Amino acid sequence: MASLPFSATSFHSTFIGFNYKARNPDFFFIRNGSSFAFSRRKFSVKSVASDQKQDLKDEAQITEGASLDTFVPDSASIASSIKYHAEFTPSFSPDHFKLPKAFFATAESVRDSLIINWNATYDYYEKNNVKQAYYLSMEFLQGRALLNAIGNLELTGAYAEALKKLGHNLEDIAREEPDAALGNGGLGRLASCFLDSLATLNYPAWGYGLRYKYGLFKQHITKDGQEEVAESWLEMGNPWELVRNDVSYPVKFYGEVVSSPDGVKEWVGGEDITAVAYDVPIPGYKTKTTINLRLWSTKVAPEKFDLSAFNAGDHAKAYSAMKNAEKTSHPVFVTNSHSNSLRPKQICYILYPGDESLEGKTLRLKQQYTLCSASLQDIIARYERRSGESVIWENLPDKVAVQMNDTHPTLCIPELIRILIDVKGLSWEQAWNITQRTVAYTNHTVLPEALEKWSLELMQELLPRHVELIRMIDEELIQTIIDEYGTEDLDLLQEKLKQMRILDNIELPESVADLFVEPEKSSVEPTVEAVESTEEDDVSDEETEVTAEEDQLEEEEDVEEESEVPLPPIIELSPKLPKMVRMANLCVAGGHAVNGVAEIHSEIVKNEVFNDFYQLWPEKFQNKTNGVTPRRWIRFCNPDLSKIITKWTGSEDWVVNTENLATLRKFADNEDLQSEWREAKRRNKVKVASFLREKTGYIVNPDSMFDVQIKRIHEYKRQLLNILGIVYRYKKMKEMSHEERTENFVPRVCIFGGKAFATYVQAKRIVKFITDVGNTVNHDPEIGDLLKVVFVPDYNVSVAEILIPGSELSQHISTAGMEASGTSNMKFAMNGCILIGTLDGANVEIRQEVGEDNFFLFGAEAHEIAGLRKERAEGKFVPDPRFEEVKAYVRSGVFGSYNYDELMGSLEGNEGYGRADYFLVGKDFPGYIECQEKVDEAYRDQKRWTKMSILNTAGSYKFSSDRTIHEYARDIWGIDPVVLP
């Protein structure tokens with residue numbers, strides 16, 4: 001393991017040029033205490049010059065006293081750096097300088113500049129031994145990095161000019177970059193926004209994740225709906241990452257726990273793999289601070305390969321040990337179970353592999369433990385190194401804050417305890433106390449299936465030492481509950497344990513089990529008279545029997561008379577139910593803070609999801625409303641609107657101080673601003689129309705309203721409600737004449753995007769349904785441009801960066817109380833898009849900030865949902881005739897031959913799995929279509945609509961991830977900004 005994570009050299013130098021001196025003859029350094037003067041150099045690359053007819057000169061004048069603070073690379077030095085990488089760090093043949101090669105050379109030149117600040121950042125943190133936060137997440141949905149990096153470095157113009165000199169366009173180069181397939185949805189995008197804010201605000205922090213080779217999957221849309229193939233984002237390498245071959249840690253699975261004579265536990269045997277670090281620099285905006293995202297990849301030692309068996313021709317045996325050590329489930333998109341060549345054997349191949357099988361569940365648990373174990377070992381090693389010779393473990397929470405992004409990193413808790421006890425020799429009490437003060441948990445969902453539970457049997461087999469520790473944590477929690485509630489009301493105590501225990505359907509520990517065991521019947525202690533009578537020699541056997549019967553009757557009467565409470569209840573285990581480990585309960589018990597991610601969500605967390613824990617530890621629970629980075633999500637992806645905002649707010653300060661966006665409120669009625677605003681929106685809509693034609697073949701009119709719902713496909717997010725509303729709209733259009741249609745309906749382009757998890761059948765039916773509706777509507781000559789329905793395949797961050805700036809209406813219509821927060825709603829509002837939605841997640845706060853008149857609201861509220869489901873179960877729900885009309889229209893076959901009985905059937909009936917309209921589509925349908933009529937009415941008045949758009953941007957200031965990070969840093973992590981000198 002390296003003594004320092006980045007610097008390979010011990011001397012200190014000030015960066016002036018673009019690359020390391022040892023690698024580039026055109027690099028410039030000023031060593032401390034010295035000054036250098038460099039003459040002009042001509043630098044040419046044969047392949048570039050011959051292909052692009054370029055002959056550029058690098059004319060860098062370095063004057064005495066120049067430093068990193070004052071030197072700003074110009075287009076000439078940037079072009080020289082790009083040419084250098086094209087020649088000397090190539091991933092392509094030297095014959096051409098086409099787009100792929102130009103992208104890699106450009107990215108590598110940017111990375112060189114990032115590395116300098118990267119090293120300086122962590123050298124400074126090491127020197128000052130600052131407290132650091134570590135953000136652990138199974139997902140980091142980064143998106144493309146190039147434009148974001150050069151934007152944060154304030155080099156966009158210089159790079160654009162340099163590439164123009166080299167015969168390329170910056171936008172074309174940027175499009176060559178694949179999205180990093182390290183995440184799927186809002187969870188991963190939030191984590192990436194947080195990293196951007198942490199760097200921009202100069203907070204000392206790292207991110208930890210896994211380096212997935214194939215990500216989730218690449219989505220294709222065919223006549224059969226969604227199809228999944230492997231996402232090959234790493235096929236040509238990743239120019240942003242640096243492998244740290246000297247930073248690796250062992251990760252163990254299986255085996256057994258043995259005890260030494262002095263009671264020390266040791267986890268031995270089993271399988272060992274190695275987690276290797278890959279580092280990605282994360283630059284802040286207009287700051288030197290560049291933090292790190294460390295991703296783990298796994299490998300096995302070469303000695304696992306049986307060379308003797310291979311040379312003997314037994315190739316399967318030769319690979320078997322390596323396969324066992326790296327064993328995983330095959331990707332969920334592989335349907336041929338006999339195609340062994342398609343089965344990846346790496347833990348880090350697939351994000352969220354299918355867990356229908358035991359092998360799939362095992363892989364997921366392996367992934368989670370790999371993330372936790374490698375990261376915790378790395379954090380501990382850094383703490384020891386920074387502490388020097390005097391490591392005081394009780395001070396670990398004063399230097400380290402570990403944030404678990406949802407329940408996936410829950411194993412951090414027992415893993416940290418394991419390291420402290422088994423490796424560092426601390427006592428249980430010390431390790432448990434340190435862990436509770438170090439770790440914190442963010443809850444992102446109220447869905448029961450997302451509050452992870454793991455089979456105890458599986459965990460016992462895979463992680464036997466951790467199960468021992470989890471049992472000890474469970475016992476600590478039980479004792480805390482008993483101390484709080486006492487043993488007088490055993491019914492109450494039993495209910496608390498049932499809800500709060502970490503181990504579900506598992507016997508109580510011996511220390512408390514006696515409280516819940518019904519006592520066996522036994523004789524009372526003999527009375528004095530009875531003792532005396534048994535000592536008399538002349539008592540007959542018959543008389544003795546009679547006396548015993550009388551005594552027994554008297555004893556039973558005495559018990560009845562003396563008992564003041566009934567017999568204690570017995571905690572019964574169900575042999576039909578599995579024994580489970582409840583990870584969310586472990587998170588709450590093992591950490592010092594629990595936060596929700598929107599005000600309404602945090603209230604649900606306290607009052608419903610974890611109410612028993614909230615009653616026990618109210619001080620643990622907080623709200624941290626999510627946010628998004630304004631750099632990526634408006635400044636860089638929407639430059640036209642950004643220029644307008646800068647003009648009307650007076651400066652670019654709003655990019656880091658979003659409160660300045662509120663200044664726009666006083667200009668919302670200004671005709672000049674409205675005119676500029678509409679022009680910028682239309683330019684973005686033209687870009688969207690071009691993109692849709694390229695990706696789907698559909699031609700749309702940019703003068704139509706662009707109505708967008710882009711997010712993960714899930715029943716609770718209710719894309720089904722949206723498409724059924726479109727079907728209703730289409731049906732009504734078909735019943736009208738051309739003139740009536742034109743008079744009654746605003747032209748709309750309805751855009752969908754999102755991935756359905758590969759094994760989520762109902763979500764995939766919804767995707768199929770949307771595409772079928774689009775195929776019918778878009779080819780209907782009677783409808784023309786009045787209605788278009790487009791499903792954008794393979795939705796990702798880069799697609800969002802195109803669609804969001806051009807959107808006018810965005811749908812956030814989840815069943816109330818089911819969306820924790822959402823972040824796409826914030827991105828749309830920030831870009832002047834008006835929302836239609838329910839009072840769910842962050843919608844509640846967005847509506848408060850932008851104004852009730854600037855948000856289209858419909859639907860049942862969270863506190864009503866349980867009652868409405870009960871009403872449905874009792875057969876009291878009466879569907880709206882319009883809803884029945886739409887279902888019948890779908891079943892008529894107008895959208896093709898596919899059988900939609902299963903999909904429509906999920907909206908019918910009063911009970912049963914996959915029935916009874918659990919997500920209340922039918923209940924909210926009437927309010928939804930009536931609200932859509934109000935949308936049409938508002939859109940017809942473009943002055944009113946534009947004002948609403950401006951006020952949405954103005955009111956979005958609260959939803960910057962900068963604000964969220966400030967709150968985490970202050971209230972949970974206890975870290976302060978560290979500004980590099």
Side-chain angles (χ1 to χ4, degrees), residues 403-404 406-407 410 413 432-433 435-448 450-453 470-506 508-509 511-513 515-516 565 568-569 571-572 580-625 816-818 820-821 841 844 861-867 870 967-968 971-972:
Q403 189 70 34
M404 300 181 295
D406 217 355
T407 54
T410 305
I413 295 169
W432 176 231
N433 176 268
T435 299
Q436 284 188 301
R437 293 163 51 214
T438 302
V439 176
Y441 160 56
T442 299
N443 174 272
H444 282 281
T445 183
V446 299
L447 298 178
L451 295 173
E452 289 185 301
K453 297 180 181 180
I470 290 170
R471 286 185 181 275
M472 295 175 72
I473 298 171
D474 187 55
E475 187 170 352
E476 287 278 352
L477 175 60
I478 291 169
Q479 192 57 57
T480 301
I481 295 169
I482 292 173
D483 292 344
E484 177 70 19
Y485 295 101
T487 58
E488 293 183 1
D489 188 343
L490 289 176
D491 287 334
L492 172 64
L493 184 58
Q494 179 175 328
E495 183 61 27
K496 291 291 181 183
L497 293 176
K498 180 180 177 182
Q499 296 297 326
M500 300 174 71
R501 282 193 67 190
I502 296 163
L503 301 177
D504 186 27
N505 198 38
I506 295 171
L508 287 165
S511 60
V512 296
L515 287 173
F516 299 94
V565 294
I571 293 184
E572 296 182 356
M580 306 296 288
V581 181
R582 298 190 279 200
M583 306 303 272
N585 288 17
L586 177 54
C587 285
V588 178
H592 66 89
V594 178
N595 72 278
V597 290
E599 288 178 1
I600 185 174
H601 170 239
S602 294
E603 289 304 305
I604 293 172
V605 164
K606 292 190 295 186
N607 298 328
E608 297 178 28
V609 180
F610 297 124
N611 181 249
D612 292 296
F613 286 102
Y614 176 64
Q615 292 179 40
L616 181 63
W617 295 310
E619 70 282 356
K620 279 192 180 188
F621 288 80
Q622 305 182 21
N623 174 60
K624 296 288 173 279
T625 298
M818 300 201 76
S821 170
V844 177
E861 297 185 25
H863 68 272
E864 301 175 301
I865 301 302
K870 181 180 178 183
E967 293 177 0
Y968 272 100
D971 302 335
I972 297 179

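Bear in mind that the values here come from a model prediction, so they are computed numbers and not experimental data.
Under the 30°/60° scheme for interplanar angles, the aromatic rings of Phe610 and Phe613 are found to stand perpendicular.
Of the possible polar contacts, one joining the Asp474 side chain to the Ile502 backbone as a donor-acceptor pair under 3.5 Å is found. The backbone N or O of Leu497 sits nowhere less than 3.5 Å from a side-chain atom of Asp612 that would complete a donor-acceptor pair. At distances below 3.5 Å, at least one donor-acceptor pair connects side-chain atoms of Glu864 with backbone N or O atoms of Glu861. A donor-acceptor pair under 3.5 Å links the side-chain atoms of Asn623 to the main chain of Ala598, judged by distance alone. At least one donor-acceptor pair closer than 3.5 Å links the side chain of Ser821 to the backbone N or O of Val597. Under a 3.5 Å cut-off, the side chain of Lys606 and the backbone N or O of Phe621 do not form any donor-acceptor pair. No donor-acceptor pair closer than 3.5 Å links the side chain of Arg501 to the backbone N or O of Lys496.
When all heavy atoms are compared, the tightest approach of Asn443 to Thr445 is OD1-O, 3.0 Å. When every heavy atom of His444 is checked against every heavy atom of Thr442, the shortest pair comes out as NE2-CG2, 3.3 Å. Residue Ala862 comes nearest to Ile600 through the heavy atom pair CB-CD1, 4.1 Å, listed as atom of the first residue, atom of the second, then distance.
Here the straight-line distance linking atom CG of Asn433 with atom OG1 of Thr435 works out to 8.5 Å at 0.5 Å rounding. Atom CG of Asn611 is separated from atom CD of Glu608 by 8.5 Å, given to the nearest 0.5 angstrom. Between the CD1 atom of Ile972 and the CG atom of Asn595 there is a distance of 4.5 Å, given to the nearest 0.5 Å. Taking CD from Glu495 and CE from Met500, the interatomic distance works out to 11.5 Å, rounded to the nearest 0.5 Å. Here the straight-line distance linking atom NE2 of His592 with atom CH2 of Trp617 works out to 13.5 Å at 0.5 Å rounding. Of the inter-residue distances, the one linking Ile473 atom CD1 with Asn585 atom CG reads 12.0 Å to the nearest 0.5 angstrom.
Between Ile413 and Gln436, the closest side-chain pair of non-hydrogen atoms is not below 4.5 Å. Within the 4.5 Å cutoff, the side chain of Leu490 has no heavy atoms near those of the Gln494 side chain. Put simply, the side chain of Val446 reaches to within 4.5 Å of the side chain of His601, judged on heavy atoms. Looking at Met404 and Cys587, their side chains come closer than 4.5 Å, going by heavy atoms from C-beta outward. Within the 4.5 Å cutoff, side-chain heavy atoms of Thr625 are placed close to those of Glu599. Looking at heavy atoms from C-beta onward, Asn505 lies out of side-chain contact with Met580 at the 4.5 angstrom threshold.
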Practice item. Show your reasoning for whether side chain to side chain donor-acceptor pair (under 3.5 Å) applies to Gln479 and Ser511. Key: CA-CA 9 Å; Gln479 192 57 57; Ser511 60; 5.2 Å; no

Practice item. Take Ser602 and Gln622, measure what side-chain contact (heavy atoms from CB on, under 4.5 Å) needs, and give me the verdict at the end. Key: CA-CA 7 Å; Ser602 294; Gln622 305 182 21; over 6 Å; no

Practice item. For the pair Lys453 and Val581, evaluate side-chain contact (heavy atoms from CB on, under 4.5 Å) and give the outcome as yes or no after the intermediate values. Key: CA-CA 5 Å; Lys453 297 180 181 180; Val581 181; over 6 Å; no

Exercise for review: Begin from the C-alpha positions of Thr410 and Tyr441 and carry the test side-chain contact (heavy atoms from CB on, under 4.5 Å) through to its verdict.
Suggested key: CA-CA 8 Å; Thr410 305; Tyr441 160 56; 6.0 Å; no

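Between Lys498 and Asp504 there is no salt bridge, since no side-chain N of the basic residue sits under 4.0 Å from a carboxylate O of the acidic one.
Contacts of Tyr968 classified as ring pair (Phe, Tyr, Trp, His ring centres under 6.0 Å), with partners at least two apart in sequence or in another chain: Phe194, Trp973.
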